[in-house]
Engineer: 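Before anything else, here's the structure in question.
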Number of protein chains: 2
Amino acid sequence: MSTLPQQKLDEVRSIFEAFLKKRNKRQTPERFSVLEEIYKTDDHVDADELYLRLKQDGTRVSRATVYNTLELLLECELVVRHQFGKNQAKYERAYSYWQHDHLICMDCNELFEFCDPRLQSIQEMVAEIYEFEIKHHSLNMYGHCIRENCPNRSSDDEPAKAEAAGE
Amino acid sequence: MSTLPQQKLDEVRSIFEAFLKKRNKRQTPERFSVLEEIYKTDDHVDADELYLRLKQDGTRVSRATVYNTLELLLECELVVRHQFGKNQAKYERAYSYWQHDHLICMDCNELFEFCDPRLQSIQEMVAEIYEFEIKHHSLNMYGHCIRENCPNRSSDDEPAKAEAAGE
DNA sequence: ATAACTGCAAAACATTTGCATACAG
DNA sequence: CTGTATGCAAATGTTTTGCAGTTAT
C-alpha cells in the first residue's frame, strides 16, 4: 500500500492540473513535487517532515511553498489534514483511499486506521437533526495498545484519576 | 447549564484537592482560580481567553500558570482539551457533564454538541479488534449550517472540487 | 526551612507574511 | 511581457522554559 501505481499517480496529477487550471493558478514544478512527495507514502506527515523529505530528494522548495501547496491540495481534496491532539497538523494523501478514522496509542504513538459504517449513519442523523450539510468528520480514539514493546508495559505513570472526591 | 450549583463546585474542588495531595503538589490559590474560572461557563475556551478572564476578574495569574494548571486539570480529568482544526487548543470543564461530540459550522464557527450511543459500540468493537484499552475519543463533524445569518448564505466561495480528472 | 510554584521574559515551535526575484502563461 | 509564485527572512501566535523571587507545607 505504500507505493502507488504509476497510473494512479498520473490520475492524481491530472486532477491537480485541472484544479489549478480552473482556479487560474500556475502549474509550477514545486507544486507537483509536493504532490508527488505526499503521494509517495501512506504516512501521516507534518509540513516540516515533507519539507525535509523534499530537500533530501534533492528538490529545492521552501517551507512557505510547502504550506502553500498543502493548502491547495486540501482544497481540491487530494490531501486531508489531521490534528492529533498536538499543535502540529499531519497531512495524508486522500485520492482513491478509503476515508478512515484513527486509533492512536498514547504510549508509543502508533497509529491504526479503521472504518465503521455506523459512523455514516450517525453523520446522516446528526445532519438531519441539526439541519447541517456535513462535509467531513474526524474521529480519533486514544488509548493504550497491548504490544510487548510498547512503553505502556512500564506503566508507573498510572493515570492517577480523581476517583477520590472525599479522600 | 451555564452556571454551576455551589455543591458541584465544591465537589470539583475537592477532587482537585485530593488529586494534588496524591501527587504531592501544592494547593495554590492560582490553581483553584483556574479551576473555578473554567467551571464558570460551559464554553470551549482557549488558554489565553482563560488568562484574560482571570485577569478581568481581578485574579493575577500568569499565562505560564494557566497552561501549567490546565495540564494538571487534564490529568485528573476535570477538564478536556479539544483541537478543532486550528492550532489552538480549546478547553472545557468535564466533571459531571456528558461526554459529547461536536458539530462545527465551517462558515460561522458555531459549535453544537451531540451524543450518539452507537459511538460507544464502535469504540468497544475497535478496542476488541485492535486489542486496545481505549481511554477517550474525539469526534468532530464539519459542515455548513442553514441559519439565515450564517455567512454560508453568500457561498461564492464554492468548494471547487476536483471532479475533473480528465479535463 | 525548603522544595515547589509563580511571574516574567525569553525561547521554542508551527505557520504566515512581505518583498524582491524568478518564471509560467 | 506580465502578474503570479517562489524563496528567504522576518513576523506572528501559541505554548514552553529558565530563573529569581515567593509561598505552601
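The figures that follow rest on heavy atoms only: side chains count, while hydrogens, waters and symmetry mates do not. Protein chains get the first letters and strands the later ones, always in sequence-line order, with residue 1 at the start of each.
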Engineer: Could you walk me through whether B:K90 and B:E92 pass the salt bridge (Lys or Arg N to Asp or Glu O under 4.0 Å) test, one step at a time?
Structural biologist: CA-CA 7 Å; B:K90 295 278 193 179; B:E92 185 192 16; over 6 Å; no
Engineer: Any side-chain hydrogen bond (donor to acceptor under 3.5 Å, both in side chains) pairs touching residues 25-37 of chain B, not counting sequence neighbours?
Structural biologist: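 Qualifying pairs, neighbours excluded: B:R13-B:E36.
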Engineer: Find the distance B:K21:NZ to C:dA4:P and express it as a whole number of Å.
Structural biologist: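 Whole-Å distance recorded here is 18 Å.
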Engineer: Which nucleotide wins on minimum distance to the side chain of A:N87, given the candidates D:dC8, D:dT6, D:dT15?
Structural biologist: D:dT15
Engineer: From the options C:dA14, D:dC8, C:dT15, select the nucleotide whose nearest atom is closest to the side chain of A:Q88.
Structural biologist: C:dA14
Engineer: For A:Y67 and C:dT15, is the shortest distance between a side-chain N/O and OP1 or OP2 below 4.0 Å?
Structural biologist: yes
Engineer: Salt-bridge test for B:E17 and B:K21: reply yes if a basic N is under 4.0 Å from a carboxylate O, no otherwise.
Structural biologist: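 Looking at B:E17 and B:K21, the cut-off is not met.
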Engineer: Figure out the CG/P separation between A:L20 and D:dA5, and round it to whole Å.
Structural biologist: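 The answer, rounded to whole Å, is 9 Å.
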Engineer: Please find out if less than 6.0 Å separates the ring center of B:F84 from that of B:Y142.
Structural biologist: no
Engineer: Please report, rounded to the nearest Å, how far the P atom of C:dG25 is from the NZ atom of A:K22.
Structural biologist: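 To the nearest whole Å, that distance equals 17 Å.
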Engineer: Looking only at the side chains, is there a donor atom on one of B:R93 and B:Y97 sitting less than 3.5 Å from an acceptor on the other?
Structural biologist: yes
Engineer: Below the 4.0 Å mark, does C:dA24 have OP1 or OP2 next to a side-chain nitrogen or oxygen of A:Q27?
Structural biologist: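 For C:dA24, OP1/OP2 do not have a side-chain N/O of A:Q27 under 4.0 Å.
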Engineer: Rounded to the nearest angstrom, tell me the gap between atom CD in A:E71 and atom P in D:dT6.
Structural biologist: 13 Å
Engineer: Starting at CZ of B:R31 and ending at C1' of D:dT25, how long is that distance when rounded to a whole Å?
Structural biologist: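 Distance, rounded to whole Å: 13 Å.
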Engineer: Check the phosphate of C:dT6 against B:N68, side-chain N and O only, distance under 4.0 Å to OP1 or OP2. Yes or no?
Structural biologist: yes
Engineer: Of the options C:dG7, D:dT6, D:dT16, whose atoms approach the side-chain atoms of A:T28 most closely?
Structural biologist: D:dT6
Engineer: Any donor-acceptor pair, under 3.5 Å, between the side chain of A:R26 and the base of D:dA5, if you only look at N and O atoms?
Structural biologist: no
Engineer: Nearest whole Å is fine: how far is C:dA14 P from A:R63 CZ?
Structural biologist: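 Distance, rounded to whole Å: 9 Å.
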Engineer: Could you check how far CG of A:N24 sits from P of D:dT2, rounded to whole Å?
Structural biologist: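 Computing the A:N24:CG to D:dT2:P distance gives 19 Å.
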Engineer: Between A:T69 and B:D46, name the one whose nearest nucleotide on DNA chain D is closer to the 5' end.
Structural biologist: A:T69
Engineer: What is the distance, to the nearest angstrom, from the CZ atom on A:R60 to the C1' atom on C:dA22?
Structural biologist: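 Between C1' of C:dA22 and CZ of A:R60: 11 Å.
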